[in-house]
Amino acid sequence: MAELPSGTVTFLFTDIEGSTRLLHELAATRYAEALAEHRRVLRKAFAQHGGVEVDTQGDAFFVAFPTASGALAAASDASAALASGPIHVRIGVHTGEPLLTGEGYVGRDVHKAARIAAAGHGGQVVVSDATRLAAGVDLRSLGAHRLKDLAMPEQLWQLGDGTFPPLKSLNQTNLPVQPSPLVGRQRELEQGGRLLREHRLVTLVGAGGSGKTRLALQLASEAVEAFPQGVWWVPLQGLRDPELVESTIANVLGAKAELIDHLAGKRMLLLLDNFEHLIGAANVVAAILAGTEHVHVLVTSREPLRIAGESVDAVEPLPNDDAVALFLVRAAQVEPFAAVEEICRRLDGLPLAIELAAARTALLAPDQLLARLDRGAHVPARQLSA
C-alpha cells in the first residue's frame with residue numbers, strides 16, 4: 001500500500017446509490033460483474049491522480065489525495081466512465097488537515113467528508129467549500145446545508161452540470177444544531193429507528209435528565225431522508241396550557257389552514273418534545289394520526305400518551321462506559337480518571353447530571369467534584385451548582 005498523504009489532505013468518499021435495488025434488478029451474477037467493473041474504473045481514476053486507498057467497505061471507497069485538484073480530477077474521470085453503466089456512484093470530496101496515526105486518519109474532516117458524500121445522489125459529485133478554494137476552481141453552488149452531526153451549515157458545491165434532486169441534508173427541518181455528536185446510545189438509535197419505521201407514534205419515556213431530547217433529536221435527524229416534507233421539532237417545555245398545543249404545532253409548521261388540512265398528504269415527522277405536562281393534549285396527537293396517512297409523531301415525555309397506536313420506548317440511564325465517555329467529551333480536565341468513573345456511577349448515568357458535572361471541571365478537578373458529591377444529599381443538579 002502506498003504511503004498515506006499527510007498535512008493538508010483531500011478526502012474522497014464514494015457509495016453506490018440503490019445497491020440493494022440493483023442486486024434484484026441485475027441478479028447476482030450480473031451485479032457481481034458490474035460491481036467488479038465499477039471497482040476497476042474507480043481504482044484506475046484514483047491511481048491516475050495520486051489517490052491512496054484508505055479503506056473499502058462493501059461497495060464504498062475511502063481515498064486520500066495529496067491535492068484537491070487531483071481528487072476532483074479523479075472524481076470527474078470516475079463519474080464520466082461510469083455514466084453509461086448500471087451503477088451510479090455518489091461522491092463526496094472535502095479538504096482538511098487530519099491527524100495521521102498508525103491506525104489511519106483521525107479528526108472531524110474524515111467525518112465531514114463522509115457526510116458530504118451521503119448527502120448526494122448517484123452520479124453526483126458534491127464538494128466542500130474548503131476543496132473548492134484549495135483547488136481554485138469554479139463550481140456550481142448548491143447552497144449552505146446542514147449535515148447530520150455537524151454543528152455548522154456547510155457551503156456545498158457540485159462538480160459538473162448534471163441535474164439532481166435536492167441534497168439529502170437537514171435543510172427540510174428546524175432541528176437545532178448539536179454542538180457535538182451523540183455519545184453512546186447505539187442500541188437505542190437502532191431500536192428507535194426501527195420503531196419509527198414500523199409505527200406512526202413513538203414515545204420516548206424516561207426520567208428527567210435521562211437524555212430523551214438528545215436521543216430524539218438524533219433519531220429525527222437520521223430519519224430526514226424518509227420524510228420528504230421535513231422533520232420538525234416542536235419544543236413544548238415552556239407551554240403550560242394543553243389547549244395551545246395544536247396552535248403551537250401549526251405555528252412551527254407555518255400552517256395557514258387548519259392543522260390537519262395542512263398536514264394532509266404530507267410525509268412528515270413531528271418531534272413533540274417535553275410532552276409530560278401537557279398529557280391533556282394527547283387528543284391532538286390522536287387527531288393528527290387519524291386525519292393523515294403519512295405523518296409520524298415522535299414524542300418525549302416522562303409518561304406515555306396512552307392513545308391508540310402508541311409504541312413506548314423506555315430511555316434508560318447511560319451504562320458506565322458511555323457515561324464516562326460523555327464526561328470526557330464535555331470536561332475541561334479529566335484527572336484523576338478513577339474519580340471520573342466514580343462521579344458517573346454516583347450520578348446514576350443520567351446524561352444531564354453528567355454534563356453539569358463535566359462543566360464544573362473548568363473550576364474543580366474531578367476528585368474535588370467527587371468530594372462535593374460525598375458531602376451532600378444525592379441531588380445532582382443541586383450539589384453541582386452549589
Taking [X] for the side chain and [Y] for the main chain, is one N or O donor matched with an acceptor at less than 3.5 Å?
X      : Y      : value
His296 : His199 : yes
Gln158 : Gly162 : yes
Glu310 : Leu305 : yes
Thr361 : Leu364 : no
Thr248 : Leu244 : yes
Lys212 : Thr300 : no
Thr14  : Phe61  : yes
His277 : Leu239 : yes
Gln368 : Ala365 : yes
Arg146 : Leu175 : yes

Could you verify whether a donor N or O on one side chain and an acceptor N or O on the other, from [X] and [Y], lie under 3.5 Å apart?
X      : Y      : result
Asp313 : Gln191 : yes
Thr292 : Arg200 : yes
Gln155 : Ser141 : yes
His49  : Asp77  : yes

Within the 4.5 Å heavy-atom criterion, are [X] and [Y] side-chain neighbours or not?
X      : Y      : result
Leu236 : Asp273 : no
Leu142 : Val126 : yes
Leu82  : His38  : yes
Leu253 : Leu263 : yes
Val9   : Thr95  : no
Arg90  : Val125 : no
His94  : Thr10  : no
Val89  : Asp15  : no

Minimum heavy-atom separation for [X] and [Y], please, with both atom names.
X      : Y      : answer
Gly123 : Ser79  : O-OG, 4.5 Å
Ala220 : Val231 : CB-CG1, 3.6 Å
Thr203 : Ser301 : CG2-CB, 4.2 Å
Ile288 : Ile249 : CD1-CD1, 4.2 Å
Gly291 : Ile260 : O-CG2, 3.7 Å
Ala68  : Ala134 : CB-CB, 3.7 Å

Indicate yes or no: does Arg345 engage Glu342 in a salt bridge with an N to O separation below 4.0 Å.
yes

Ion pair check, Arg187 and Glu190, cut-off under 4.0 Å:
no

Does [X] share a hydrophobic cluster with [Y], counting links as ILVMFWY side-chain heavy atoms below 4.5 Å and allowing steps through other members?
X      : Y      : value
Leu217 : Val299 : no
Ile343 : Leu328 : yes
Leu195 : Val285 : no
Leu373 : Val340 : yes
Trp232 : Val284 : yes

Take Glu222 and Leu219 through the side chain to side chain contact (heavy atoms under 4.5 Å, CB included) test and state the conclusion after the steps.
CA-CA 5 Å; Glu222 294 189 1; Leu219 282 169; 5.6 Å; no

Under 30°, 30 to 60°, or over 60°: which ring-plane class applies to His121 and Phe164, parallel, tilted or perpendicular?
parallel

Fit a plane to each ring of Phe65 and Phe46, take the angle between them on a 0 to 90° scale, and name the class: parallel (under 30°), tilted (30 to 60°) or perpendicular (over 60°).
perpendicular

Any chance [atom1] of [X] has more than 12 other-residue heavy atoms, nucleotides or ligands included, within less than 6.0 Å?
X      : atom1 : value
Asp261 : CG    : yes
Glu258 : CD    : no
Gln48  : CD    : yes
Arg108 : CZ    : no

Not counting sequence neighbours, which residues clear side-chain hydrogen bond (donor to acceptor under 3.5 Å, both in side chains) with Glu293? List them please.
none

Out of curiosity, [X] [atom1] to [Y] [atom2], how far, rounded to the nearest 0.5 Å?
X      : Y      : atom1 : atom2 : answer
Lys112 : Phe13  : NZ    : CZ    : 13.0 Å
Thr213 : Trp233 : OG1   : CH2   : 8.0 Å
Arg132 : Leu72  : CZ    : CG    : 11.5 Å
Leu326 : Leu352 : CG    : CG    : 10.0 Å
Phe337 : Phe327 : CZ    : CZ    : 10.0 Å
Ser76  : Ile91  : OG    : CD1   : 9.0 Å

Working for salt bridge (charged side-chain N to carboxylate O under 4.0 Å, His left out), residues Arg30 and Glu33:
CA-CA 5 Å; Arg30 289 181 59 208; Glu33 293 171 352; 6.0 Å; no

Take Glu154 and Asp129 through the side chain to side chain contact (heavy atoms under 4.5 Å, CB included) test and state the conclusion after the steps.
CA-CA 8 Å; Glu154 295 291 326; Asp129 200 44; over 6 Å; no

Between Arg372 and Arg360, does a side chain to side chain contact (heavy atoms under 4.5 Å, CB included) hold up when you go through it step by step?
CA-CA 11 Å; Arg372 177 165 293 195; Arg360 296 289 287 173; 3.0 Å; yes

Take Val224 and Leu269 through the test side chain to side chain contact (heavy atoms under 4.5 Å, CB included) and record every step on the way to the result.
CA-CA 8 Å; Val224 165; Leu269 174 64; over 6 Å; no

